[in-house]
K.L.:
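Pasting a structure below so you can have a look.
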Amino acid sequence: MPPRNTKRRSNFRRANRSMPRRRIDIAAGAIDYKNPDLLKRFVTESGKILPRRTTGMPAHLHRRITRQVKRARAVLLMK
């Protein structure tokens with residue numbers, strides 16, 4: 001049952017719209033633990049991994065970045 005008045009109909013349409021695709025400006029294959037220069041773009045100065053809402057990366061790439069950052073830390077390529 002659709003909403004009856006125009007304001008509710010507008011809010012219903014806005015809430016149920018599809019989200020725009022996130023724009024990715026790096027190649028997925030370039031995300032590697034041996035590429036610390038790229039990975040440094042996704043961590044703070046103190047070494048914390050930036051949240052996905054800040055980086056704007058899709059979930060599957062953010063999970064890959066997180067894994068590669070931790071791997072780079074383990075082999076001492078990053079702090």
Side-chain angles (χ1 to χ4, degrees):
M1 183 168 123
R4 293 187 181 178
N5 69 23
T6 58
K7 186 174 182 181
R8 284 186 171 208
R9 194 175 308 130
S10 172
N11 288 340
F12 179 80
R13 217 178 290 138
R14 184 175 303 145
N16 292 311
R17 74 181 190 278
S18 64
M19 295 299 291
R21 293 190 64 132
R22 294 179 182 243
R23 190 165 169 212
I24 308 165
D25 58 345
I26 61 170
I31 301 171
D32 190 29
Y33 74 97
K34 292 177 275 185
N35 192 359
D37 294 330
L38 175 73
L39 296 177
K40 283 180 184 174
R41 290 172 45 188
F42 301 101
V43 296
T44 62
E45 289 181 6
S46 60
K48 289 184 177 181
I49 300 171
L50 291 170
R52 187 174 152 233
R53 68 176 182 272
T54 305
T55 61
M57 298 298 288
H60 71 283
L61 287 180
H62 192 266
R63 284 191 296 268
R64 184 183 296 175
I65 288 168
T66 301
R67 197 177 319 122
Q68 298 303 325
V69 166
K70 290 178 180 178
R71 202 171 281 171
R73 285 178 185 159
V75 295
L76 301 177
L77 293 174
M78 293 178 68
K79 72 170 189 177

K.L.:
Excluding sequence neighbours, so at least two apart, what forms side chain to side chain donor-acceptor pair (under 3.5 Å) with Ser18?
P.N.:
none

K.L.:
Taking side chain as C-beta onward, heavy atoms only, is Ile26 less than 4.5 Å from Met57?
P.N.:
yes

K.L.:
Working to the nearest 0.5 angstrom, can you tell me the gap between Met78 CE and Gln68 CD?
P.N.:
11.0 Å

K.L.:
To the nearest 0.5 Å, what is the distance between CZ on Arg64 and CZ on Arg71?
P.N.:
11.0 Å

K.L.:
Do Val69 and Leu38 land in one hydrophobic cluster if side-chain heavy atoms of ILVMFWY residues count as linked below 4.5 Å?
P.N.:
yes

K.L.:
Would you call Asp25-Arg41 a salt bridge at under 4.0 Å N-O?
P.N.:
yes

K.L.:
Shortest non-hydrogen contact from His62 to Arg52?
P.N.:
NE2-N, 3.6 Å

K.L.:
Does the side chain of Leu50 come within less than 4.5 Å of Val43's, by heavy atoms?
P.N.:
no

K.L.:
Are Phe42 and Leu61 connected, step by step, through hydrophobic side chains (Ile, Leu, Val, Met, Phe, Trp, Tyr) whose heavy atoms are closer than 4.5 Å?
P.N.:
yes

K.L.:
Determine whether a donor-acceptor pair (N or O, by modelled atom type, separation under 3.5 Å) exists between the side chain of Asn5 and the backbone of Arg8.
P.N.:
yes

K.L.:
Pick out which of Thr55, Thr54, Thr66 makes a side chain to side chain contact (heavy atoms under 4.5 Å, CB included) with Ile49.
P.N.:
Thr66

K.L.:
Check whether any side-chain N or O of Asn35 sits under 3.5 Å from a backbone N or O of Ile31 as a donor-acceptor pair, and report yes or no.
P.N.:
no

K.L.:
Examine Leu39 and Leu77 and state if one hydrophobic cluster contains both, with Ile, Leu, Val, Met, Phe, Trp and Tyr joined whenever side-chain heavy atoms are less than 4.5 Å apart.
P.N.:
no

K.L.:
Report yes if the side chains of Lys79 and Arg73 come closer than 4.5 Å at any heavy-atom pair, otherwise no.
P.N.:
no

